[in-house]
Amino acid sequence: MIRGLRGATTVNSNSEEEILAATEELFAKLIEVNQIEPDSVASVFVSTTEDIDAVFPAKALRKFSGWTYVPVMCMREMPVPNSLKLCVRVMMHVNTSVPQEKISHVYLNGAEVLRPDLNNSPAL
């Protein structure tokens, strides 16, 4: 069954190096806490806030062995009043028998879920 794993991280600057490092940390934590295998990933959707314009964060997936051919979509979010700044969000669709309520979502560096009513995981 396909399950959705959500994650987000914020950064302190718009530098490509920092954004990629933070995105890699986010992916690594999602992979670690949910014990994800590359062949179980159906797709990954990455979105960034409008103030991130120096990078394509999906490049961060290339760091992980076996992830080269995972389908990835990346887009910039529409501006939302009072939303976080310099934020990268991820939705990873994974084929797993783990019930959705047992999935661990990951929020790093002050990031938040866009739909708090869907979140039952503490920030790490």
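Keep in mind that what you see is a predicted model, and the values were worked out from it rather than measured.
Considering every non-hydrogen atom in both Gly110 and Thr10, the closest pair reads N-OG1, 4.2 Å. Scanning all heavy atoms of the two residues, the minimum distance from Asn14 to Asp51 falls at ND2-O, 3.3 Å. Annotation for Gly4 and Met91: closest pair CA-SD, 3.8 Å, computed over non-hydrogen atoms. Across all non-hydrogen atoms, the minimal contact from Ala60 to Thr23 is CB-CG2, 3.7 Å. Closest approach of Leu30 and Ser104 over heavy atoms only: CD2-O, 4.0 Å. When all heavy atoms of Val11 and Ala22 are compared, the pair lying nearest together is CG1-CB, 3.3 Å.
No side-chain heavy atom of Glu37 sits less than 4.5 Å from a side-chain heavy atom of Thr96. Under the 4.5 Å side-chain criterion, counting only non-hydrogen atoms from C-beta, Pro57 is in contact with Thr48.
Using modelled atom types, one side-chain atom of Arg3 and one backbone atom of Val98 make a donor-acceptor pair closer than 3.5 Å. Side-chain atoms of Asn109 never come within 3.5 Å of backbone atoms of Thr9 as a donor-acceptor pair (strictly under, hydrogens ignored). A donor-acceptor pair under 3.5 Å is formed between the side chain of Glu18 and the backbone N or O of Asn12.
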Test side-chain contact (heavy atoms from CB on, under 4.5 Å) applied to Val90 and Phe27, step by step: CA-CA 8 Å; Val90 171; Phe27 280 127; 3.7 Å; yes
Chi angles and distances behind the side-chain contact (heavy atoms from CB on, under 4.5 Å) call for His105, Asn34: CA-CA 9 Å; His105 306 293; Asn34 291 290; over 6 Å; no
Would you sort out whether Val41 and Asp39 count as a side-chain contact (heavy atoms from CB on, under 4.5 Å), showing the intermediate values? CA-CA 6 Å; Val41 180; Asp39 58 359; over 6 Å; no
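The hydrophobic cluster containing Trp67 also contains Val88, counting ILVMFWY residues as joined when their side-chain heavy atoms lie under 4.5 angstrom apart, directly or transitively. A single hydrophobic cluster is not seen to contain both Phe45 and Val94; linkage of ILVMFWY side chains at heavy-atom distances under 4.5 Å, directly or through other members, places them apart. Both Phe64 and Val106 are part of a single hydrophobic cluster, where members link through side-chain heavy atoms under 4.5 Å apart. If you chain together hydrophobic residues whose side chains sit under 4.5 Å apart, Met92 and Leu108 fall into the same group. Hydrophobic cluster membership is shared by Ile52 and Val72, with clusters built from Ile, Leu, Val, Met, Phe, Trp and Tyr side chains linked at under 4.5 angstrom.
Looking at Ser40 and Asn95, their side chains never bring a donor and an acceptor atom within 3.5 Å of each other. Residues Thr49 and Glu77 bring no donor and acceptor atom of their side chains to less than 3.5 Å of each other.
Atoms OG and CZ, on Ser47 and Arg76 in that order, are 11.0 Å from each other to the nearest 0.5 Å.
Residues forming a side chain to side chain contact (heavy atoms under 4.5 Å, CB included) with Pro99 (at least two apart in sequence, or on another chain): Glu101, Lys102. Residues satisfying the side chain to side chain contact (heavy atoms under 4.5 Å, CB included) criterion with Ala42, sequence neighbours excluded, are Ile2, His93.
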